[in-house]
Each structure stands twice: as C-alpha cells, then as structure tokens.
Peer 1: 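One structure is given below, represented as structure tokens, and several questions about it will come after.
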Amino acid sequence: MSFQFDHRQLADEMEIFFLNEEIGAGLPVWLPNGVAIRESLEGFMKKLENKAGYQRVVSPHLAKGSLYDRSGHLRAFGDNMYPPIKGSEEGEHYYLKPMNCPHHHKVFSSSLRSYRQLPLRIAEYGQVYRFENSGSLKGLSRVRGLSQNDAHIYVNPKDSKQEILSVLELHEYCYRVLGLKGYRYRLSKSDKNRPNDFDGPQELWCESEEILRQCLTEKGLDFFEADGEAAFYGPKIDVQMKLNHGHEESIASIQIDFNSGEKFDLSFISSSGESQRPWVIHRAPLGSHERFVSLLLEYYDGALPGWLCPVQLYILPVNEEHLSFAEDIASKLSDNGIRVFVDHNLGSLSKRILFAHRLRPLFKMVLGKNEISSGDVSMQGRDGDRIVNLRHVSDFLLKRIAIPE
Ligand SMILES: [Zn+2]
C-alpha cells in the first residue's frame, strides 16, 4: 500500500485517460493503456462470475421516467440524475440511467420464474450517469459517467444468508488476488429516527440487518456498524478503505433489498406452488472501473501487478538498425497475449530508459547488437534484472503476468 501520488498525475504519465472541456466535465475518455487495465479487470470478473453461476445481460443507457418513479430513484436520487430528455413524439421523458437495478428487475420479470431458478444472478458491466456537483468532480475517482461491475441476485428470502456468504467470499477472493489490504467492512443500517428516508417495514430492516451481521461474524471479518448509512431500499455491507487523503471511503457494497420485489411486482413460484416475492442482493465487488482504477493506481503508485500492467514489456532498441528486430519480437509476444511497447525515439539511451518509467512497465529490455548476437537479454524488472534468452522471454513473461491463484 503506498498512496504517495494522486491518481491524476499517475494516469497522466501512464496515459490512462483524459478529460476534455468540450466533451464535458466528469466524462473521462479512456486511452488504450487505460482500456488494457479495464479489460483485464473485466475479463477477471467475468470468468469468476461465470464460475459462480452469474448470467450476463446488456441494458440500454436510458429509460422512461416512469421506471425511475417506480424504483424510487427519482424521489430518493433525483438530484443526482441528469435532467430529462424528450424521448418520444408524445413528449414522454427519458432519463440517463443512474443505476442498473431497475433494468435488471425487468430482466427478472421478463419471464415466469420458479424457485428452481433461484438464486438468479444477473450481471452487467453497466454504464451509468450521475449528475455530480461540478465542485466534487475529481479525475477518475469522482465522475459523471461510470461503468459498474454490477450484479443483482434474486433470491428466496430464506436463502439470502447463504447467498450473502458466497458474495462475501467472492469479494474476499477478488481483493486477495488484487493484493488489497487495509480495508474493513461497515454494516450500514437505517436510522430509526428518520423512518421516511428508509422504505419498508421496520421488522424487515431488523431481520435483514441481522442477516448481514451474522454473515460478517461467521466469516470472521473485521467490521463496525453505522446508523443511517443504508440505501433507501435496504441495509448494506460497505467495504471501507483509507485512501490517499486519509479519509475512509466506500469502495464497494453488498445490499439486501426487500423493497424492489414489491415495487416491481417481482415473483417466483415457490416449491408449494404459491407466488412469492424474491429479495434482491445488489453487489459490485470492484465498484466502478473509474473509481477502482483510480484506487489501484494510487494503491500501487502506478506499479500495477503484472496482469494489470498496461505495458508488460517496454523494448528499447539501441538504434535504428535494431528496430525491426524489436518489432518482430514485440509481434510474437503480443500474439501470446503480452502487452509490449517498442520505443521508436532513438535518442540517448539513458534518457530513454529514464523516460520509460513514466509508463510503469513490468519489464524493460534494451536491444542492441550484443543482445541480438548472443540471444541473451537483460529483463529489467521492478525487483532487479534477470538475464533471459530470447527464446524464453515469452515463457518468462507469461509466468509473471498470470493472475495469481
Ligand atoms: Zn443495484
């Protein structure tokens, strides 16, 4: 854990994203190096979720106001939504979606559901838009357009504890692989003094808060409780981490929702043949790409783990005559799934080696006549140098960019 630098400075040097006034405040454009990180994270999550029984959907970026009326977002979250857009000839209004939940509820109700299909886990890397105050916008960590590692799990209420335990396990696994430490969990409850801010009967709040408490306790996780931090539709477990400014912030959450079943008229046929309401679990272990990549950049001071590194090998040909040899090697390595950058600036080598640092590559390799004639190259890594024969460079790198188990 480092947090020495602001992610905006790191992202600038590493060419991760940019913001442009003409495009709009808080609407980052991801550059190829940033996309490499996003896609690695996304590929990792999709594989995990696939194994855990999630099914993927893709939903549109906007929907009718009536959908958000029904979900309660217009009432509880309206200030954070973009103003309505005229979306039909009849003058009906549409909104950019601030959350994926209502769309996923519609996926659930799009066909008749039986208890045998539950838990039904619907996942999407969903793009959402939030009208954040311009003063609070900050690089990638506070934006107006973001892509969430989202999923909604429709569960028989009696099985919700078991499912929350699995979701917690998934969180712990992700953070272990990503090497994240120094976070703790927060049980975010309603505030009994502000009942209007929290939908649904008191007994259900108590019951579901107790389920979350039991899950955290059984898993032996470090947690504390906080009143008034719940979502308006149910209590949640937040993952809290101290970021570079020293403040503790939520990086992800797991929410129990016993309200949306009623609001969206969701039902499944129980084992006794009766119609029953499911509960919904909202979860996003990696939050949004925007927020999570900003966190990872600061956490690692840009020196990301090998599998997430945008540049896994940075090749520096000594001069022009070594360039095509370097391009050949790069092309073979990239066929094997390794991300390689070849430096075409053929000035002073020592200056170029120093400059290479801005991209925080996993390894650097200088390629000149000695290396080409002997076949042995020096792989300059973060923990020192290793001599590797060119025939083995691919295997050497593949081992170092594998996702840890
Ligand atoms: Zn949700």
Side-chain angles (χ1 to χ4, degrees), residues 17 19 23-30 34-35 37-39 41-42 45-46 49 54-85 87 93-108 121-134 136-154 167 188 230-234 236 238-239 249-255 257 259-260 263-264 280-295:
F17 77 100
L19 289 161
I23 293 172
L27 299 171
V29 176
W30 289 80
V35 173
I37 307 174
R38 276 176 73 119
E39 290 191 342
L41 286 171
E42 215 166 307
M45 281 316 293
K46 283 179 176 169
E49 287 168 350
Y54 288 75
Q55 302 176 61
R56 308 205 76 82
V57 298
V58 175
S59 59
H61 290 205
L62 71 172
K64 282 185 186 173
S66 49
L67 184 75
Y68 301 117
D69 244 343
R70 193 200 264 255
S71 67
H73 282 105
L74 273 176
R75 174 178 61 82
F77 201 73
D79 291 346
N80 285 99
M81 288 168 69
Y82 268 89
I85 305 161
H93 283 112
Y94 282 61
Y95 287 85
L96 285 170
K97 73 173 166 183
M99 290 181 189
N100 303 299
C101 335
H103 287 82
H104 290 185
H105 300 338
K106 288 292 179 188
V107 174
F108 182 87
R121 306 174 183 95
I122 297 173
E124 175 174 16
Y125 249 105
Q127 180 72 24
V128 298
Y129 298 91
R130 295 178 185 173
F131 193 72
E132 298 281 356
N133 202 307
S134 60
S136 66
L137 298 174
K138 187 183 166 196
L140 280 182
S141 60
R142 192 58 77 94
V143 292
R144 286 178 172 168
L146 53 144
S147 179
Q148 283 183 310
N149 156 233
D150 218 354
H152 295 90
I153 304 169
Y154 299 83
V167 171
S188 300
F232 68 86
Y233 45 71
K236 57 190 173 123
D238 291 309
V239 185
E249 283 187 27
S250 304
I251 60 165
S253 71
I254 305 167
Q255 308 167 351
D257 169 5
N259 279 302
S260 293
K263 283 181 189 156
F264 280 83
V280 186
I281 298 165
H282 307 239
R283 48 105 283 179
L286 305 192
S288 72
H289 274 323
E290 286 69 14
R291 193 76 192 289
F292 212 77
V293 170
S294 76
L295 163 80

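Residues take their numbers from the sequence shown, with the count starting at 1.
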Peer 1: Answer yes or no: is there a donor N or O on one side and an acceptor on the other, between the side chain of E124 and the main chain of S59, under 3.5 Å?
Peer 2: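 Yes, the answer is positive, given that a donor and an acceptor are paired below the 3.5 Å cut-off.
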
Peer 1: V143 and L137: side-chain contact (heavy atoms from CB on, under 4.5 Å), yes or no, with the steps?
Peer 2: CA-CA 6 Å; V143 292; L137 298 174; 5.5 Å; no

Peer 1: Could you go through the side-chain contact (heavy atoms from CB on, under 4.5 Å) check for V128 and Q148 one step at a time?
Peer 2: CA-CA 7 Å; V128 298; Q148 283 183 310; 4.0 Å; yes

Peer 1: Salt bridge (charged side-chain N to carboxylate O under 4.0 Å, His left out): which pairs involve residues 67-84, sequence neighbours left out?
Peer 2: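 Every salt bridge (charged side-chain N to carboxylate O under 4.0 Å, His left out) pair that includes a residue of residues 67-84, provided the two are not neighbours, is R75-D199.
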
Peer 1: What are the two closest non-hydrogen atoms of G145 and P28, and how far apart are they?
Peer 2: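 That closest heavy-atom pairing would be O-CD, 4.2 Å.
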
Peer 1: List in chain and number order the residues that pass ring-ring contact (aromatic ring centres under 6.0 Å, His included) with Y154, two or more places apart in sequence or in another chain; answer none if no residue qualifies.
Peer 2: H105, F108

Peer 1: Working to the nearest 0.5 Å, report the span between CZ of R130 and CZ of R142.
Peer 2: 10.0 Å

Peer 1: How about V57 and H104: do any of their side-chain heavy atoms sit closer than 4.5 Å?
Peer 2: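 In short, these two side chains touch, coming nearer than 4.5 Å.
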
Peer 1: So if I apply the side chain to side chain donor-acceptor pair (under 3.5 Å) rule between H282 and each of D257, D150, N100, which one comes out positive?
Peer 2: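 Only match with H282 under side chain to side chain donor-acceptor pair (under 3.5 Å): D257.
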
Peer 1: Under a 4.0 Å threshold between the charged nitrogen and the carboxylate oxygen, would E49 count as salt-bridged to R283?
Peer 2: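 Yes.
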
Peer 1: Any chance the side chains of W30 and E290 put a donor and an acceptor closer than 3.5 Å?
Peer 2: yes

Peer 1: More than 12 heavy atoms of other residues, nucleotides or ligands under 6.0 Å from NZ of K263: yes or no?
Peer 2: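 Yes, the 6.0 Å shell around NZ holds more than 12 heavy atoms from other groups.
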
Peer 1: Can you list everything that forms a side-chain contact (heavy atoms from CB on, under 4.5 Å) with Y82? Sequence neighbours excluded, please.
Peer 2: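 Applying side-chain contact (heavy atoms from CB on, under 4.5 Å) to Y82 gives L27, L96, Y129, F131, R144.
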
Peer 1: For a 4.5 angstrom cut-off between non-hydrogen side-chain atoms, does N80 reach H73?
Peer 2: no

Peer 1: So, taking the atom named CG in L295 and the one named OG in S288, what distance separates them when rounded to the nearest 0.5 Å?
Peer 2: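 Reported to 0.5 Å precision, the distance equals 10.5 Å.
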
Peer 1: Name all residues meeting the side-chain contact (heavy atoms from CB on, under 4.5 Å) criterion together with V239; count only those two or more places apart in sequence or in a different chain, and write none if there are none.
Peer 2: H171, Y175, Y183, Y185, I251, A252

Peer 1: With sequence neighbours left out, what residues match S250 under side-chain contact (heavy atoms from CB on, under 4.5 Å)?
Peer 2: R186, D238, Q240

Peer 1: Is any side-chain heavy atom of S260 less than 4.5 Å from a side-chain heavy atom of H152?
Peer 2: no

Peer 1: Can you find a heavy atom in the side chain of P285 that is under 4.5 Å from one in the side chain of N149?
Peer 2: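 Yes, at least one pair of side-chain atoms sits under 4.5 Å.
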
Peer 1: Do V29 and L19 touch side chain to side chain, with heavy atoms closer than 4.5 Å?
Peer 2: no

Peer 1: Between the main-chain N or O of Y233 and the side-chain N or O of N259, is there a donor-acceptor pair closer than 3.5 Å?
Peer 2: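 Present.
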
Peer 1: First locate atom OG of S147, then atom CG of L286, and finally report the distance between them rounded to the nearest 0.5 Å.
Peer 2: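 Result: 11.0 Å between the selected atoms.
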
Peer 1: Taking all non-hydrogen atoms of both residues into account, name the closest pair between Y68 and P102 and its distance.
Peer 2: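 Of all heavy-atom pairs spanning Y68 and P102, the closest is CE2-CG, 3.9 Å.
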
Peer 1: Going by the rule side-chain contact (heavy atoms from CB on, under 4.5 Å), which residues pair with E42 if we only count those two or more places apart in sequence or in a different chain?
Peer 2: K46, Y125, H289

Peer 1: Heavy-atom distance under 4.5 Å between the side chains of F264 and S71, does that happen here?
Peer 2: yes

Peer 1: Quick one: does Q255's side chain get under 4.5 Å of I281's, heavy atoms only?
Peer 2: no

Peer 1: Please report the interatomic distance CG(L41) to CZ(F292), rounded to the nearest 0.5 Å.
Peer 2: 7.0 Å

Peer 1: May I ask you to say whether K138 pairs ionically with E132, meaning some side-chain N is under 4.0 Å from a carboxylate O?
Peer 2: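 No, K138 and E132 are not salt-bridged.
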
Peer 1: List the atom of A76, the atom of F232, and the distance in Å for their closest heavy-atom pair.
Peer 2: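 Shortest heavy-atom contact: CB-CD2, 3.5 Å.
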
Peer 1: Using side-chain contact (heavy atoms from CB on, under 4.5 Å), reason through I254 and K236 one step at a time and then give a plain yes or no.
Peer 2: CA-CA 5 Å; I254 305 167; K236 57 190 173 123; 6.0 Å; no

Peer 1: Is there a side-chain contact (heavy atoms from CB on, under 4.5 Å) between Y54 and I122? Walk through the geometry before answering.
Peer 2: CA-CA 6 Å; Y54 288 75; I122 297 173; over 6 Å; no

